[in-house]
Each structure stands twice: as structure tokens, then as C-alpha cells.
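Below: one structure, written as C-alpha cells.
This is a predicted model, so every value here is computed, not measured.
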Amino acid sequence: MKKTIFLDRDGVINEDSPDYIKSWREFHFIPGSIEGCRDLVHAGFDIIVITNQSAVGRGMITRRTLEDIHRKMQLEIIAGGGEIRDIFFCPHHPDEGCTCRKPLPGLVRTAAEKYGIDLSAATMVGDSTKDIDCGRRAGCGHSILVRTGNGDAAQKELAEKNRLPDHTADDLCHAAQWITTHFR
């Protein structure tokens, strides 16, 4: 059985924006993220994206536009030699009180149920405290913080709370190198 890598999207795969990513034109891959996906897939890992997308709940983007962004993102990653098995997203506004918005583990658990994933063997990779906390709450065996996106601020916050991830990497490409060395 393949091991699973859960990836956050904004700040890990693509550049984050305080104004949200509302179109493909605003979506920009972080250097090395496509290569990181390729390296993980070539090493035998499945990749599943777990992402909060409250721009939908805020009425800033339609679900159809979000799905179009995701389709184009997947095609670019496939063209680069990688593959994303699935994408799970929370479309809700933060005030809605849903159970799928990170740091809650709903999306990870839904993915685990759908694909029969052993969460104790899975790794969560993110750029925020929410991502690391989500992985832990879901029961992921490992967590990796990337310094892209909000990673520097998250690293300080996690250190202050003594909740350090298993590893911190400069970006997804370096995280993939660490994963493929330690979890083959």
C-alpha cells in the first residue's frame, strides 16, 4: 500500500495571497513545488491536497471557478511528472462552524475513509500552524512545515507552544527530498 502525503495548497504548492486566489491568472506555482510533487510520486507516494478555500463561502469565487483552478493545477503537475490523487477543500466561511475547516481534521479523515489510508503512516505538509495541528488531530504519523507562505511565522508560533513539526523544510521540493529519504 502506498503511503500518503497530505499537502496544503496555498503557501505550499502555490503562492498565497491575502486577497485570496480567485482565478487561474492569480495562481502562481512556488518554485520547486511541481518538482516536489514529481519526486514524491516517483518515490511511490500518493498526494492528496487538503485546503481551506473560504473565498467560496465569502462569495468571492464560485465552486466552479475553484474546481477549474484545481483542474489546471493538476494538469500542470501532471505535465511536470507528478500527480495529485485527489483534492479535498473546505468552502465554508470561518464563522460557519463546519467540521472540515483546518485545523479540524474533517477533510483528512474523509480522505482516509474514502481511500483506506493508514493515517499513522501519512504525512501532513503545510505552511501554517493550522496545517500542522490538523495533521496531528487527524492522527497523521508525521508533520512537515515548509517555510514558504506563512511558514516562518508558523515556525515561531509552534516553537512558542512547544508543538514543533517532525521536520521543517525550505519549500515543498526540500520537504519531498526529506520524505523520500526518511519514509521509503
When you compare the side chain of Ile21 with that of Arg9, does any pair of heavy atoms fall below 4.5 Å?
yes

Where Ile117 and Ala122 come nearest, the two heavy atoms and their spacing
CG2-CB, 4.4 Å

Any non-hydrogen side-chain atom of Ile47 less than 4.5 Å from a side-chain atom of Val41?
yes

Would you say that Ile77 contacts Leu75 through its side chain, given a criterion of any heavy-atom pair below 4.5 Å between the two side chains?
no

Closest non-hydrogen atom pair, Ala159 against Leu164:
CA-CD2, 3.7 Å

Any Phe88 side-chain heavy atom under 4.5 Å of Val49 side chain
no

Quick one: does Ser33's side chain have a donor or acceptor within less than 3.5 Å of a partner on Phe29's backbone?
no

Going by heavy atoms in the side chains, are Tyr115 and Ile48 under 4.5 Å from each other?
yes

Mutual orientation of the aromatic rings belonging to His167 and Trp178 [parallel < 30°, tilted 30-60°, perpendicular > 60°]:
parallel

Of all heavy-atom pairs between Thr181 and Gln177, which one has the smallest distance, and what is that distance?
OG1-O, 2.8 Å

Per the salt bridge (charged side-chain N to carboxylate O under 4.0 Å, His left out) rule, what does the pair list look like for residues 98-115, sequence neighbours excluded?
Asp8-Lys102, Asp86-Lys114, Lys102-Asp131

Mind checking the CZ-CD spacing from Phe45 to Glu83? Nearest 0.5 Å is all I need.
15.0 Å

Working to the nearest 0.5 Å, report the span between CD of Glu35 and CG of Asp171.
9.5 Å

Is Val125 close to Ile179 at the side-chain level, that is, under 4.5 Å between some pair of heavy atoms?
yes

Look at the aromatic rings of Phe27 and Trp24 and report parallel, tilted or perpendicular, splitting at 30° and 60°.
parallel

Set out, in order, the CA-CA distance, both residues' side-chain angles and the distance that settles salt bridge (charged side-chain N to carboxylate O under 4.0 Å, His left out) for Asp152 and Lys156, then state yes or no.
CA-CA 7 Å; Asp152 287 333; Lys156 289 176 188 169; over 6 Å; no

Atom CD1 in Ile132, atom NZ in Lys161: separation rounded to 0.5 Å?
13.0 Å

Sort and list the pairs that fulfil salt bridge (charged side-chain N to carboxylate O under 4.0 Å, His left out) and have at least one residue in residues 55-64, not counting sequence neighbours.
none

Between Val12 and Ile87, is there a shared hydrophobic cluster once you connect ILVMFWY residues whose side-chain heavy atoms come closer than 4.5 Å?
yes

Between CD1 of Ile144 and CG of Asp166, what distance do you get to the nearest 0.5 Å?
7.5 Å

Any side-chain heavy atom of Thr123 within less than 4.5 Å of one from Phe183?
yes

May I ask you to decide if Ala176's main-chain N or O and Thr180's side chain share a donor-acceptor pair within less than 3.5 Å?
yes

List the atom of Leu172, the atom of Cys37, and the distance in Å for their closest heavy-atom pair.
CD2-SG, 4.0 Å

Using only atom types and a distance under 3.5 Å, with no angle test, would you say the side chain of Glu96 pairs donor to acceptor with the backbone of His92?
no

What's the shortest heavy-atom distance between Val108 and Cys134, and which atoms?
CG2-SG, 3.8 Å

Value rounded to 0.5 Å, distance of SG in Cys100 from CG in Asn52
7.5 Å

Tell me which pairs pass side chain to side chain donor-acceptor pair (under 3.5 Å) where either residue lies in residues 133-146, with sequence neighbours left out.
Asp133-Arg163

Heavy-atom pair with the smallest gap, counting every atom of Ala154 and Asp127:
CB-O, 3.7 Å

